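Below is one structure, written out as structure tokens; the observations come after it.
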Amino acid sequence: MREWQAQDRPLLEVKNVTKRFGGVVANRNISLFVERGTIVGLIGPNGSGKTTLFNSIVGAHPIDEGEIWFDGREISRYRTAQIARMGLMRTFQQTHIFGKMTCIENMLISMPERRRQLRDLFSPGSRADRARAVDLLQFVGLYSKRHHLAGSLSFGQQKLLEFAMALMSEPKMLLLDEPTAGINPTLINGLVDRLRRTNAELGITLLVIEHNMRVIMNLAEYIYCLAHGELLAAGPPEEIRNDQRVIDAYLGAS
Ligand code: ADP
Ligand code: MG
């Protein structure tokens, strides 16, 4: 297992986390870390516990054992909204957008502190927020759709919108759950480029669950692989690509 590179603690640390659902151990004694400013991958066959780990990290459900640290604080018992305010957010395998609202409206209500304020649904948002929403829609390539209903977008465009919504609150770190799933193969390179720019230009640290091996091998500088709820392997992409345990886990699953 690698050691931290930087002087300071990693931005995200998962320490010996176990999560059970009744008799199912979805995550068993998982430890991993993500240093500030990096892109790290999380792979593993279906049902290996990747999404469960994301849910544990953002406080969507309580963990049974272990600790989770973010930006110098133990967040293991924090609620999702508290964690979001600290600058850690996730996106979903399935999108969570409001189809009957326009792209800009979705952007304006996406900030965690806004979610609960219904009156914001009926107010146009501050000028600064609107300008930021338009900039981010431009960043993800949805500028021309900004006044369209989100429900009229293709699935891939909805995922881009959801990604832009997550950027609205200026997170320090994003957890992306299969960002390329369901996206037209011709659009994947553009998305990968945007994820890189999100990291390099906006300085956002990324932990990415991804099934597309070509994508994750290109994007991540370090990769963790889960199988059956346990950490199976960890290493740089070239090591993971040739790891017989990883290859067997995927072959066994398909
Ligand atoms: P992955 O994202 O790697 O495909 P998941 O984390 O979704 O895997 O699932 C890991 C295991 O945990 C599976 O066996 C799944 O059925 C189980 N699981 C996930 N969420 C729940 C839940 N809310 N209730 C019960 N079992 C769950
Ligand atoms: Mg999943």
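Order of appearance sets the numbers: ligands from 1, and atoms from 1 within every ligand. The chain is numbered in sequence order, starting from 1. Just so you know, these numbers come straight off a predicted model, no measurement behind them. Side chains are part of it too, since the values below use all heavy atoms of this structure and drop only hydrogens, waters and symmetry mates.
For the side chain to side chain donor-acceptor pair (under 3.5 Å) test with E65, the passing option among K15, K19, R20, R28 is R20; the others fail.
The shortest separation from a heavy atom of G49 to ligand 1 is under 4.0 Å, placing the residue in contact.
Under a 4.0 Å criterion applied to the non-hydrogen atoms of S48, ligand 1 contributes the atoms 1 (P), 3 (O), 8 (O).
Judged purely by distance below 3.5 Å, without hydrogens or angles, the side chains of H61 and S56 pair a donor atom with an acceptor atom.
For the Mg ion (ligand 2), the set of nearby N, O or S atoms under 2.8 Å includes one belonging to T51.
Nearest residue to atom 7 (O) of ligand 1 from I209, T51, I43 is T51 (criterion: closest heavy atom).
Within a 6.0 Å radius of NE2 in H228, other residues, nucleotides and ligands contribute 12 heavy atoms or fewer.
For the pair V24 and ligand 1, the shortest N or O to N or O distance does not fall below 3.5 Å.
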Go through the steps to decide whether D248 and Q244 satisfy the test side chain to side chain donor-acceptor pair (under 3.5 Å), and finish with yes or no. CA-CA 6 Å; D248 290 346; Q244 196 56 45; 3.0 Å; yes

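Comment: E105 does not engage K100 in a salt bridge, judged by the lack of any side-chain N to carboxylate O separation of less than 4.0 angstrom.
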